[in-house]
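One structure below.
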Amino acid sequence: MIYLDNAATTKPCKAAIDAMVDAMTNNWGNPSALHRPGMEADRLLQTARKQVATALGGTPDRVFFTSGGTEADNWAIYGTVSTRGKRGKHIVTTKIEHHAILHPMEHLESQGYEVTYLEPDENGYITPQMLAKVLRKDTILVSIMMANNEVGSVMDIATMAKLVHQQCPHGVFHTDAVQGFFKVPFSAKTLGADLISISSHKVHGPKGAGALYIAPTLQLHPYIRGGGQERGFRSGTEAMPAIVAFGAAVASQMDTYRQDIAHMANLRDYVRDTLATYPHVTVLGNGKAPHVLSIAIPPMRSQEILNRLQDLEIYVSAGSACSKGHRSSVLEAMNVAPNLIDCAVRISLDGSNTKEEMDTLLAALKHFGG
Ligand code: PLP
C-alpha cells in the first residue's frame, strides 16, 4: 500500500513498539509506587520525559504528558483562562485552527470571553502584521498553530510570541505544534511561546500520548486534580506504555528527522510541480510544511477521489480526518471556491515515502482527468 495520510496519523516505529511491549510485559509498575517495580517504571517515565524535552529543545521539568494533542490544546486554553481570566476577557486565535482549539474557543465565547478569529490570506498564512492589529491590553491568550494540518502553511511563531509579550501585559502565547513538531524545526527555549502542544501519533509514536510544554516563566493552576502526578498539574496514573513509546519514538528520530524533512519537502515539490502541469488539478495553498499538500480535482468529489485511489491501495484524506463529513473551515477561510472545497483531498507524507510511490500517485491522478 501507499500510505499518504500521515497528517492524520503515522505508522508506529519499531522503537515505539518495542518500548510499548516492554512497558506492558516487563516494566508495568506504577511509577508512583515506592517499591522496585514502581521505581523502575518511574525511571522509564523520566527517561521518556528527557527524550521528549530534548526533541522539543526544553528542560524535562517543563514537559507535562497528556493523552494527546487535543488534551494539550484544551489544557493550554482552559489553564490560561483559569489563571488570567480576571485580568482580561479577550482572546485571539485563527480561523484555521484544529477543532481542538476552535471548539474550546466557542465554549469560552458562551462563557463571556471575546474571541477574535484571524482570517488567513489566500494561501492559509497568518502573519505577525495581522496579529499586531488585533492585540489589546486586555488580551490574555493568543493561540496560533505552527503548521496547518490541511494546507501546510507555516506561521512565524517566534515573531508573534514576541509581539504578544511586548503588547499585552497579561498575554500568554500558545502554539499548537502538533503538525510542526519534527516537521518545522524549533527549540522551545528560543521560540518564545509560553505553551506548546505536541502529539505522539503524528511522529511515529502510539495514540494516547502527547505533551504540553509550559515555559518556566508561566504559572498555571493544576489542570486535573487527584493523586498529584505530573508534579500536581495533571493527576492520574501515567499512561506508561504510550508515554515510554512516545519517548522512544522521538529519541529514535533525533539523528534523522532533519533529513526526513528535506526528503519530504523534495517529494512534495515534485508532486506539486507535476500536478501544476495537469489541467484538471488545482493545487490549494502554498504550504511550506514538508509533509502536507492539498489539491482539488473538480468535478470529482473528495470521497470519490479517495475511493478511486483506495482501489489502487493509495490512501489519502478528504480534508482533515477530524472534520469528517464537514466542509473544510480552513479552505473556506482561505476563500477557496466551494466547488473546489468539495473536491479537495490532502496528501500527507512521512520520511519513508519514495519517489516511486509519488510516480504511482501522479500516474493515477493523471487518469482522473479523463
Ligand atoms: N492539532 C492539530 C493541528 C492536529 O492536526 C491534530 C490532529 O489531527 C490535533 C491537534 C489533535 O491531536 P490528537 O489527535 O493527538 O488529539
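Bear in mind the structure is a predicted one, so any value in this text is a computation, not a measurement. All ligand and atom numbering here is 1-based and tracks the order in the structure.
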S199: numbered ligand 1 atoms lying under 4.0 Å from its heavy atoms: 13 (P), 15 (O)
Ligand 1-proximal atoms of K202, by part, heavy-atom distance under 4.0 Å: side chain
Between T256 and Q253, a side-chain donor and acceptor under 3.5 Å: no
Salt bridge present between R301 and E304 (N-O < 4.0 angstrom): no
Location of contacts on N149 toward ligand 1, heavy atoms closer than 4.0 Å: side chain
For atom 1 (N) of ligand 1, the option (of N74, T66, T175, D176) bearing the nearest heavy atom: D176
Partners meeting ring pair (Phe, Tyr, Trp, His ring centres under 6.0 Å) with Y278 (sequence neighbours left out): H280
cation_pi(R234, F65) dist<6.0 Å, angle<=45: no
R231, CZ: over 12 other non-hydrogen atoms inside 6.0 angstrom: yes
Per-atom contacts of ligand 1 with G68, taking only distances under 4.0 Å to non-hydrogen atoms: 15 (O)
Proximity to ligand 1 by part of I101, non-hydrogen separation under 4.0 Å: neither
Residue portion contacting ligand 1 (non-hydrogen atoms closer than 4.0 Å) for K207: neither
With sequence neighbours excluded, residues passing side chain to side chain donor-acceptor pair (under 3.5 Å) with S329: none
Which of the ligand 1 atoms, numbered from 1, are nearer than 4.0 Å to a heavy atom of H201: 13 (P), 14 (O), 15 (O)
Backbone or side-chain N or O of G69 under 3.5 Å from ligand 1 N or O: yes
Q179 neighbourhood, listing ligand 1 atoms whose heavy-atom distance to it stays under 4.0 Å: 3 (C), 4 (C), 5 (O)
Distance-only polar pair, side chains of S200 and K207, donor-acceptor under 3.5 Å: no
Numbered atoms and elements of ligand 1 in range of M145, under 4.0 angstrom, heavy atoms: 3 (C)
Donor-acceptor pair between D176 and S197 side chains, under 3.5 angstrom: no
Ligand 1-proximal atoms of E71, by part, heavy-atom distance under 4.0 Å: neither
Under 4.0 Å to a heavy atom of T70 - the qualifying atoms of ligand 1, by number: 11 (C), 12 (O), 13 (P), 16 (O)
Between Y78 and D73: side-chain donor-acceptor atoms closer than 3.5 Å: no
Where ligand 1 meets D73 - atom numbers and elements under 4.0 angstrom, heavy-atom basis: 1 (N), 10 (C)
